[in-house]
*Asks:* 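Mind looking over this structure? Questions follow.
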Amino acid sequence: MKQVMEGSHAASEAVRLAKVQVISAYPITPQTHIVEALAEYCENGTMDARFLCVESEHSALAAVISASTMGVRTFTATSSHGLALMHELLHWASGARLPIVMAEVNRALGPGWNIWADQTDSLAQRDTGWIQFYCEDGQEVFDTTLHAFRLAEWVNLPVMVIQDAFFLSHTLEPVDIPDQKQVDQFLPPFSSGVKLDTEKPCNMGQLTPPSIYMEMRQHIQMAMEQVSSCYSEVEKEFSALFDRQYGPVEPVACEDAEVILVVSGTIAGTCRSVISDLRSKGEKPGMLKIKMFRPFPADFVRRAVRAAKKVAVIDRNISFGAGGIFCQEVKSALYNMDPHPPVFGYIAGLGGRDVTPDSLEAIYWKTKKGDLLKGESTWVETQEVELKN
Amino acid sequence: MKEIRFHGRGGQGTVVASVILAKAFFSAGYYVQTFPHFGVERRGAPVEAYLRLDKKKILIRSNVYNPDAVIVQDRKLLETADVTKGLKPGGWILINFPVRPENLEPFIGYKLAYVDATGIAVENNLGTHTHPMVNTAMTGAFSGILETLPLHAVTSAIQEEISVKPEQNVKAATLAFEAVACFGIVNQYNGVGKIEKQKNE
């Protein structure tokens with residue numbers, strides 16, 4: 001049934017229907033609403049789950065790692081500084097091949113202290129071995145959270161389901177929430193092949209010498225390489241039941257596009273309306289939404305932008321000294337393709353700065369008319385700031 | 001697509017008012033999107049919330065700059081906040097005012113509606129004399145100026161959204177629906193204006 005709810009609660013509803021057994025989290029704006037709802041569900045019996053209260057995000061992830069090692073379905077949620085504090089254990093979760101699902105609300109890192117949307121927090125964790133999905137609206141948050149459990153438990157890797165602070169987490173819109181029976185058809189109870197069992201004692205995560213460590217790493221990479229095909233299977237089953245499908249990337253009007261705008265998260269929604277406005281004026285823009293960031297869907301990106309004259313990547317994030325992070329990935333995906341379109345990088349919307357239809361249209365025109373700039377990226381709509389001694 | 005901006009003060013239930021109207025419009029067949037001003041809320045400080053509605057899915061995810069209507073829960077905000085900023089010419093201003101505003105200057109070029117939401121809230125024991133909860137009365141009044149939003153959609157959204165004194169809140173909305181007074185577009189000549197109850201989008 002369709003209900004008007006915020007992105008945060010779309011995540012909580014999916015976790016409730018996934019019958020997660022252990023949840024642990026530490027509150028941080030703008031993630032708090034997600035676990036607030038779940039804590040209530042655990043308290044009032046709506047969910048048959050344990051909610052473990054802890055003193056930090058580091059402990060929250062440690063708690064779900066332990067629970068997951070015992071073979072139960074687990075969930076945590078965080079944002080920004082909370083995710084940064086989890087960093088050490090993010091590696092542990094993927095190295096131990098635990099199918100933990102996390103809701104991550106993209107928020108800027110301080111200082112300056114800022115609670116607003118910015119993808120740098122999750123993208124800074126791109127090398128930790130977590131699968132990453134970026135969502136555009138509440139429905140996609142709900143659906144992807146359910147996908148995430150299936151996928152994580154299939155490939156034995158943890159998954160982050162990511163949404164923009166406020167533009168999605170605190171925005172209410174209609175979201176179709178199916179009933180428990182339908183979700184049970186898609187997501188059976190979790191049964192772990194490898195788990196700690198007091199009847200059959202064993203050790204996990206012991207000292208691993210050079211003679212075997214490297215193969216363990218290779219196996220994680222091999223699992224990542226399977227994600228794309230597994231995800232397509234998961235989506236096929238999901239769409240048979242719910243009639244919704246997203247894909248690791250979504251090309252919009254790319255076939256004959258001259259300039260393709262590459263976007264992710266909520267900017268994709270605004271971009272769709274800009275593309276159709278420009279099309280109605282006789283222009284030929286296209287849009288490529290990247291949903292899956294890890295593993296990076298390089299093949300899909302290559303296919304989508306192959307025929308374009310120019311590609312503009314819009315990044316709500318920054319890797320200082322290098323540029324936008326999606327832009328780097330797109331460039332490296334295209335490098336061995338000959339010929340490939342030139343790639344323009346734009347930094348926009350950091351720390352919750354609004355990215356309006358006008359901002360995106362200006363990026364389109366600048367790319368269409370411009371030559372490649374010398375720098376790695378163009379900063380969008382920044383002001384001249386006078387420096388004082 | 002129509003865009004509505006809500007002005008109120010922290011603690012007045014401004015965001016709740018936007019959620020009630022969102023749910024009401026949704027049940028009346030609209031696609032809706034509502035969000036608070038993304039900031040740090042403090043009690044008593046001016047706050048804003050926004051609502052978009054359309055007959056098709058709303059794609060845009062940026063802030064609201066040029067609303068079609070504004071709802072002002074506290075008339076004192078006229079002195080401290082630019083409540084008509086970006087408001088489309090001829091757009092609605094619904095304001096909580098005990099009597100017909102004497103000074104129509106701030107409303108020139110817009111359609112004006114007023115309702116004594118504070119009086120209605122106090123009469124129904126919503127909040128206190130110093131902090132009346134006017135949000136449900138304001139949503140009822142908004143329904144009163146729009147033919148597209150039936151009162152029953154608002155009252156059932158109130159029942160869904162508000163657990164404290166649901167009957168009194170529904171009553172406040174109903175009274176405000178009946179009591180709201182609407183001007184046409186205020187201009188310099190009819191500035192002293194006569195009030196005509198008129199309903200349109």
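Chain naming here is simple, since letters A, B, ... match the order of the sequence lines and numbering starts at 1 in each. Computed from a predicted structure; not experimentally measured.
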*Asks:* Is any side-chain N of the basic residue among B/E48 and B/K85 closer than 4.0 Å to the acidic one's carboxylate O?
*Replies:*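 No salt bridge links B/E48 with B/K85.
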*Asks:* Are A/F326 and A/Y134 near enough that their ring centres are under 6.0 Å apart?
*Replies:*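 Yes, the ring of A/F326 comes within the 6.0 Å limit of the ring of A/Y134, centre to centre.
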*Asks:* Under 4.5 Å, counting heavy-atom pairs only, tell me which of A/P30, A/G269, A/A165 racks up the most with chain B.
*Replies:*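 Greatest number of close heavy-atom pairs with chain B: A/G269.
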*Asks:* Using the ring of A/F167 (Phe, Tyr or Trp, six-membered ring only), decide whether B/R61 places NZ or CZ under 6.0 Å from its centre and within 45 degrees of its axis.
*Replies:*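 No cation-pi geometry.
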*Asks:* Determine whether the side chains of A/E381 and A/S359 contain a donor N or O and an acceptor N or O closer than 3.5 Å.
*Replies:*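 Distance-only check passes for A/E381 and A/S359.
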*Asks:* Can you say whether A/D164 sits under 4.5 Å from chain B via the side chain, the backbone, both, or neither, judging by heavy atoms?
*Replies:*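 Neither part, no heavy atoms under 4.5 Å.
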*Asks:* Is it the backbone or the side chain of A/L168 that comes under 4.5 Å from a heavy atom of chain B, or both, or neither?
*Replies:*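 Contact with chain B involves both backbone and side-chain atoms of A/L168.
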*Asks:* Do you know which of B/I60, B/T34, B/I58, B/L51 has the most heavy-atom pairs with chain A at a distance under 4.5 angstrom?
*Replies:*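 Of the options given, most contacts go to B/T34.
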*Asks:* Under 4.5 Å from any heavy atom of chain A, what part of B/Y65 do you find: side chain, backbone, both or neither?
*Replies:*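 For B/Y65, the contact with chain A is made by the side chain alone.
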*Asks:* In terms of heavy-atom proximity below 4.5 Å to chain A, should B/V15 be classed as side chain, backbone, both, or neither?
*Replies:*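 Neither part.
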*Asks:* Just by distance, no angles: are the side chains of A/Q119 and A/N317 close enough, under 3.5 Å, to form a donor-acceptor pair?
*Replies:*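 Indeed, the side chains of A/Q119 and A/N317 share at least one donor-acceptor pair under 3.5 Å.
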